[in-house]
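Worksheet for the structure shown next.
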Amino acid sequence: MANTGSGSLATILFLFMFPAALHKGAAQEPVVSQNLVTDNVSVVEGEMAIISCRVKNNDDSVIQLLNPNRQTIYFRDMRPLKDARFQLVNFSDNELRVSLSNVSLADEGRYVCQLYTDPPQEAYADITVLIPPGNPIIEARDEVLSEGNETEMTCTAMSSKPAAAIRWMKGDKELPGKPKVELTYDRMYTVTSRLTFTVSREDDGIPVVCIVDHPAVKDFQAQKYLEVQYKPEVKIVVEFPQGLTREGENLELTCQAKGKPQPQRVNWLKVDDDVPSHAVITGSDLYIENLNKSYNGTYRCVASNAVGESYDDYILYVYDAPTTTPIPTTATTTTTIITTTTTTTTYPEANQDTAPSTEPAAHDSRAGEGAPRTVDHAVIGGVVAVVVFAMLCLLIVLGRYFARHKGTYFTHEAKGADDAADADTAIINAEGGHTNSDEKKEYYI
C-alpha cells in the first residue's frame, strides 16, 4: 500500500529545508496541543473517510499527515505516498483535509496530524471500519406447532464488526432472547440469539421477527410466521324453539365446531343415558320431535381433530304444555267468595332428577335460551279482581249488619215526673203513670 522509498525522500527533503526545527524537536517528545485538532472517523467498509487536520493561529508551520505506520501521506499539499485512494480535499495555512476512498479493514488504525513547531505538535484521528453483518438467518425447531407446547427459534448475524445486537418481536410484543457472541479468525463477530416461548391458538399466523441492530445498517431483519394447531372450539346453538321447551313441541340444535385442522367428526350423545330413539342426527344437527318429560337431561356435542377433542353441553328441561285458564265468576255469597280467594296458582318447577352439567358453559332450556320467562298476566289480573270484589262485598254485608243493631228508643213510662218538686213526688207520679200502660209506644229509627 505504501511506498517506503517515497516516504524517506520526503523526510530528507524536510531535513534540508528545516534543519533547525527538527534539531530542536528531536530532543523532546511530541505533545498534543490545543492548537492542532482533528476528529475520529467511523466509516462503513467500501465507503469514503475524510481526515481533517486543523490549526488555530498558525504561524506558517508545516502540516503533514501520517498513516498508522507513521509513513507520510501528505506533506503540505504534496503526496509522497503512492496510494491513489488518498486525495487532497483542501490545503491552507489552517487545514489539511484528505479523503480516503474504498476503505477496507486494513485501513483501520490511528492516523497522525503533525505540526512542525518548537516543540512539534501531534493530534490523533482514529479510523474505525464498520462491517455490516450478512443477512440474518432465522430458524425454528418446529415447523408446525401445537397449542400449549414450547418451541425454540434462533437468529444468526454473521461476520460483522463490531458485534451486532439482536432483538425479538412476536406481533407487537418484544420477547427476550439469549445472545451468544463469537470472534472469528478474521477479527469478525458472529452473534446467535436463542428464543424460547410457549404458543397459544392466538399465535397462529403471527410473525416472529428477528431485528439486527448495527451501526452500519438500519432496519435489518428476518421474520417467520407461526403455524399453530389447536383443539376445536365447540358451541351449541338452539335453532328452535326460541323460548321455553314445552311438551309436544320440536327441538333443533346445531353444533358449531372450529379448530386447526378443521374437525372432521362431530358426535351427539346424552350424558348418562341414550339419545331418544326417534331423534334425528344429521351431521352437526340434532332434531327431536314431540318433546316430553322423559327426554330431560344433558345433551353433549363432541368434536375432535389431530390435536384433541372438545365438547359443549345443553341441558334440556321440558315444561308442561300451555293450558287455557278459565275466566273467574263472581260469587254472591260470603262462603263462595272465601273459597275463590284461597285458590292458588302453581307454576312448573325444574325436574329434581335432572343431573346438572359439569361444564360452566352448558346451555339450559330452563333459562329459555335467552328468551325471558313468560308469566300469564291474565291469570294474575283475574285473581286480583276477585280478591278486591270479595273485600267490597264483605264490607257491604258488615255495614248492613251493624246498622240493624243500632237505634234510639222513646217511652212514656216516666211521663209526669218532669214536673215533680222533688224526687219522692217524681217517683209517686211515675208509679201512678203505670195505670196508663196501654198508651206506651215505641219508635224505631
Side-chain angles (χ1 to χ4, degrees), residues 138-154 168-175 195-210 222-242 245 250-276 279-288 295 297-317 354-371:
I138 186 170
E139 296 178 331
R141 184 182 64 188
D142 308 301
E143 291 298 326
V144 179
L145 307 169
S146 296
E147 176 186 18
N149 290 350
E150 186 177 78
T151 188
E152 182 178 279
M153 303 181 75
T154 59
W168 291 94
M169 296 290 294
K170 186 182 73 170
D172 56 356
K173 182 180 179 182
E174 185 169 354
L175 301 179
L195 175 67
T196 304
F197 62 98
T198 302
V199 296
S200 63
R201 65 180 61 195
E202 290 78 15
D203 293 330
D204 184 43
I206 297 297
V208 176
V209 184
C210 163
Q223 67 180 15
K224 188 175 184 65
Y225 287 88
L226 297 176
E227 183 177 351
V228 182
Q229 294 183 343
Y230 50 88
K231 295 191 299 183
E233 296 177 349
V234 183
K235 181 182 179 182
I236 296 177
V237 178
V238 181
E239 301 292 346
F240 184 84
Q242 298 300 320
T245 50
N250 300 331
L251 175 66
E252 184 177 355
L253 303 177
T254 298
C255 182
Q256 297 179 351
K258 179 182 178 182
K260 188 173 182 179
Q262 186 66 20
Q264 300 299 321
R265 296 185 57 189
V266 175
N267 296 326
W268 282 97
L269 58 90
K270 186 177 181 183
V271 179
D272 299 330
D273 202 351
D274 295 331
V275 176
V280 178
I281 299 176
T282 306
S284 60
D285 296 335
L286 172 65
Y287 184 77
I288 304 177
Y295 299 156
T298 301
Y299 292 80
R300 176 171 295 176
C301 170
V302 182
S304 61
N305 60 10
V307 181
E309 70 175 27
S310 302
Y311 65 87
D312 191 20
D313 288 342
Y314 173 80
I315 301 175
L316 174 63
Y317 180 82
T354 303
S357 173
T358 58
E359 288 294 313
H363 303 278
D364 193 341
S365 65
R366 290 174 290 182
E369 277 299 311

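We count residues from 1, following the sequence as given.
- With D312 contributing its side chain and I236 its backbone, the two residues share a donor-acceptor pair below 3.5 Å.
- L226 and M153 make their closest contact through CD2-SD, 4.4 Å (heavy atoms, listed as atom of the first residue, atom of the second, distance).
- Of all heavy-atom pairs between E227 and D204, the closest is CA-OD1, 3.6 Å.
- The side-chain hydrogen bond (donor to acceptor under 3.5 Å, both in side chains) test applied to E174 returns no partner, not counting sequence neighbours.
- In this view, S200 and E202, D203 satisfy the side-chain contact (heavy atoms from CB on, under 4.5 Å) rule, not counting sequence neighbours.
- Side-chain contact between L251 and Y299 is absent, with no heavy atoms from C-beta onward closer than 4.5 Å.
- Qualifying ring pair (Phe, Tyr, Trp, His ring centres under 6.0 Å) partners for F197, counting only residues two or more places apart in sequence or in other chains: none.
- At least one donor-acceptor pair closer than 3.5 Å links the side chain of N305 to the backbone N or O of P261.
- Residues E147 and K260 fail the side-chain proximity criterion, which asks for heavy atoms closer than 4.5 Å.
- Within the 4.5 Å cutoff, no side-chain heavy atoms of I138 are placed close to those of Q223.
- With sequence neighbours left out, the side-chain hydrogen bond (donor to acceptor under 3.5 Å, both in side chains) criterion links N267 to no other residue.
- V238 places a side-chain heavy atom less than 4.5 Å from the side chain of L253.
- Residues forming a side-chain hydrogen bond (donor to acceptor under 3.5 Å, both in side chains) with S146 (at least two apart in sequence, or on another chain): none.
- With sequence neighbours left out, N149 forms a side-chain hydrogen bond (donor to acceptor under 3.5 Å, both in side chains) with no residue at all.
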